[in-house]
Amino acid sequence: MARNRTSRLLAVGCVALAGALGAHAQSEPPAAPVQPVPPVQPPPVPQSEAPPIDPQTGAVRVFSFGDVPPRIKVESWLRGDPVGAFEPGTVYVVWFFSTWSKASEEAIPTLRAVHEQFQGAGVRLVGVSVWETTKPAPGDAYVERLRAYLGAEPGALIPGSVAFDGAAGEMAQTWMRGADRRSIPSAFVIDAKGRVAWMGHPLSVTEPLATIVSEVVAGTFDALKARERAQDQQKTVDAIRRVDRRLFRAMEAQDGKDAMRLVEEMIALRQEDGVARVQDVFELALMENKNADAVAWALRLAEGPIAGNALVLNNLAWGIATDERLETRDLDAALILAEKANTAAQGREAYVLDTLARVCFERGEVARAVELQERAIEHARADQKDEYRAVLEAYRAGRRP
């Protein structure tokens with residue numbers, strides 16, 4: 001039975017970014033005795049109109065808080081009024097998403113709330129779909145997939161103006177890469193003077209988007225202090241990337257013991273980054289290395305950093321209960337993890353109930369497995385119900401699915 005899986009280790013590289021402006025050619029003055037006429041100097045090129053991507057090096061202009069952002073250049077506009085340039089006096093929230101990104105979907109209610117709160121206050125919301133081609137669409141029908149995702153108006157999923165970056169991906173290059181934003185969703189708040197006031201995750205807990213927009217509208221937001229905060233955060237990010245590279249090497253070397261240690265080092269730097277690696281490292285240490293210490297490690301994490309993470313707890317329990325690479329199974333530990341997952345999910349997630357039922361069945365608690373599987377069916381989506389019913393029938397017959 002398929003499990004929800006979210007953590008995948010990625011090798012993170014450092015990309016050097018630089019921008020360049022071409023020099024203006026100067027014409028030579030006429031020869032004597034004619035009085036030289038000073039050459040006409042072309043007007044300076046505004047930063048926002050500088051070449052967005054150097055045609056020779058492929059470098060993009062780096063920008064940050066307080067800077068003029070790159071231009072808005074997309075393949076097509078799908079909703080709302082197109083944005084050709086930032087109008088003075090208007091505050092813009094430009095955010096990047098993709099139809100395949102679950103994290104982007106989770107940010108939509110927050111963006112919608114910001115849109116509704118600041119309607120009529122000189123604030124415009126601009127959504128840009130980037131990296132859409134990462135998940136192929138049949139016949140390369142990316143625009144059609146995006147239109148279907150947005151839904152019919154009125155009541156569209158995403159309010160404001162919505163654009164498709166396109167195959168060329170200039171916005172992904174100039175905005176995301178230029179600002180060293182490596183994941184979606186990402187949001188940029190452009191102030192009434194056309195400069196970047198803030199950029200970050202739209203669901204940031206420490207810097208709520210609505211609060212930032214409110215201060216930018218009022219003219220009280222300090223972009224320089226925001227830059228300082230971001231620089232402090234970047235130090236943490238850089239430290240995490242260094243640990244992540246070591247973790248990647250440990251995974252390549254199939255060294256589960258070292259990988260477990262490095263995950264804890266990463267959790268100490270920033271919890272969510274380390275938690276995202278737990279499942280893969282647990283699988284390596286227990287299923288590949290046969291390291292029994294991995295179970296104790298998982299139980300210890302379940303009392304701390306992953307205590308409220310239903311997905312991770314669930315997948316650890318499922319692995320112990322079902323992975324064919326295990327010769328012996330610690331079903332007591334699996335039950336603890338599955339129960340904690342169900343508590344974190346408030347007893348309402350079908351896949352968690354399904355896992356808990358399986359653990360109980362493996363423990364010989366058939367009656368409870370049947371009861372839990374019935375509850376899983378109650379909470380399942382329509383496309384899951386047949387699969388879960390088949391599992392229920394197996395339990396009732398006293399056999400493993």
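Excluded from the calculations below are hydrogen atoms, water molecules and symmetry mates; all remaining heavy atoms, backbone and side chain alike, are included.
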query = Is there a donor in the side chain of Ser98 and an acceptor in the side chain of Glu132, or the other way round, less than 3.5 Å apart?
reply =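 There is such a pair (donor and acceptor under 3.5 Å, judged by atom type) between the side chains of Ser98 and Glu132.
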query = Do Thr174 and Arg71 meet the criterion of a side-chain donor-acceptor pair at a distance under 3.5 Å?
reply =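 Looking only at side-chain atoms, Arg71 and Thr174 do not form any donor-acceptor pair under 3.5 Å.
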Measure the [atom1]-[atom2] distance between [X] and [Y] for me, rounded to the nearest 0.5 Å.
{"X": "Tyr142", "Y": "Thr134", "atom1": "OH", "atom2": "OG1", "value": "8.5 Å"}
{"X": "Leu313", "Y": "Ile336", "atom1": "CG", "atom2": "CD1", "value": "11.5 Å"}
{"X": "Arg245", "Y": "Arg241", "atom1": "CZ", "atom2": "CZ", "value": "8.5 Å"}
{"X": "Ser204", "Y": "Met199", "atom1": "OG", "atom2": "CE", "value": "13.5 Å"}
{"X": "Leu146", "Y": "Leu150", "atom1": "CG", "atom2": "CG", "value": "4.5 Å"}
{"X": "Asp222", "Y": "Trp198", "atom1": "CG", "atom2": "CH2", "value": "15.5 Å"}

request  = Give me the ring orientation class for Tyr149 and Phe97: parallel if the planes are under 30° apart, tilted from 30 to 60°, perpendicular past 60°.
outcome  =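 Rings of Tyr149 and Phe97: parallel, under 30°.
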query = Using 30° and 60° as the class limits, which term best fits the ring planes of Tyr395 and Phe361: parallel, tilted or perpendicular?
reply =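 Aromatic pair Tyr395/Phe361 classed parallel.
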Between [X] and [Y], what is the shortest heavy-atom contact and its length?
{"X": "Ala338", "Y": "Ala317", "value": "N-CB, 3.7 Å"}
{"X": "Asp165", "Y": "Met171", "value": "OD1-N, 3.0 Å"}
{"X": "Pro202", "Y": "Leu111", "value": "CB-CD2, 3.7 Å"}

Are any non-hydrogen side-chain atoms of [X] and [Y] less than 4.5 angstrom apart?
{"X": "Val126", "Y": "Trp77", "result": "yes"}
{"X": "Val281", "Y": "Trp297", "result": "yes"}
{"X": "Asp232", "Y": "Thr236", "result": "no"}
{"X": "Val278", "Y": "Leu316", "result": "yes"}
{"X": "Asp332", "Y": "Arg363", "result": "yes"}
{"X": "Arg375", "Y": "Asn342", "result": "yes"}
{"X": "Lys135", "Y": "Arg145", "result": "yes"}
{"X": "Arg246", "Y": "Arg249", "result": "yes"}

request  = Please determine if Glu393 and Arg389 form a salt bridge, counting it only when a charged side-chain N lies under 4.0 Å from a carboxylate O.
outcome  =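 Salt bridge: no.
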key: Under-4.0 Å salt bridge between Glu116 and Arg112   =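 Looking at Glu116 and Arg112, the cut-off is not met.
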Quick check: does any side chain N or O of [X] sit under 3.5 Å from a backbone N or O of [Y], one acting as donor and the other as acceptor?
{"X": "Asp258", "Y": "Ala250", "result": "no"}
{"X": "Arg329", "Y": "Asp323", "result": "yes"}
{"X": "Arg277", "Y": "Val263", "result": "no"}
{"X": "Asp354", "Y": "Ala376", "result": "no"}

Would one find more than 12 heavy atoms of other residues, nucleotides or ligands at under 6.0 Å from atom [atom1] of [X]?
{"X": "Arg400", "atom1": "CZ", "result": "no"}
{"X": "Lys193", "atom1": "NZ", "result": "no"}
{"X": "Glu87", "atom1": "CD", "result": "no"}

request  = Go through the steps to decide whether Lys257 and Asp255 satisfy the test salt bridge (Lys or Arg N to Asp or Glu O under 4.0 Å), and finish with yes or no.
outcome  = CA-CA 6 Å; Lys257 182 178 180 180; Asp255 188 345; over 6 Å; no
ask   = Under the criterion salt bridge (charged side-chain N to carboxylate O under 4.0 Å, His left out), which of Glu339, Glu362, Glu374 is the partner of Arg368?
value =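 Of all the options given, the one that passes is Glu339.
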task = With ring-ring contact (aromatic ring centres under 6.0 Å, His included) as the test, would you mind laying out the steps for Tyr92 and Phe188 before giving the verdict?
result = CA-CA 8 Å; Tyr92 294 82; Phe188 297 77; over 10 Å; no
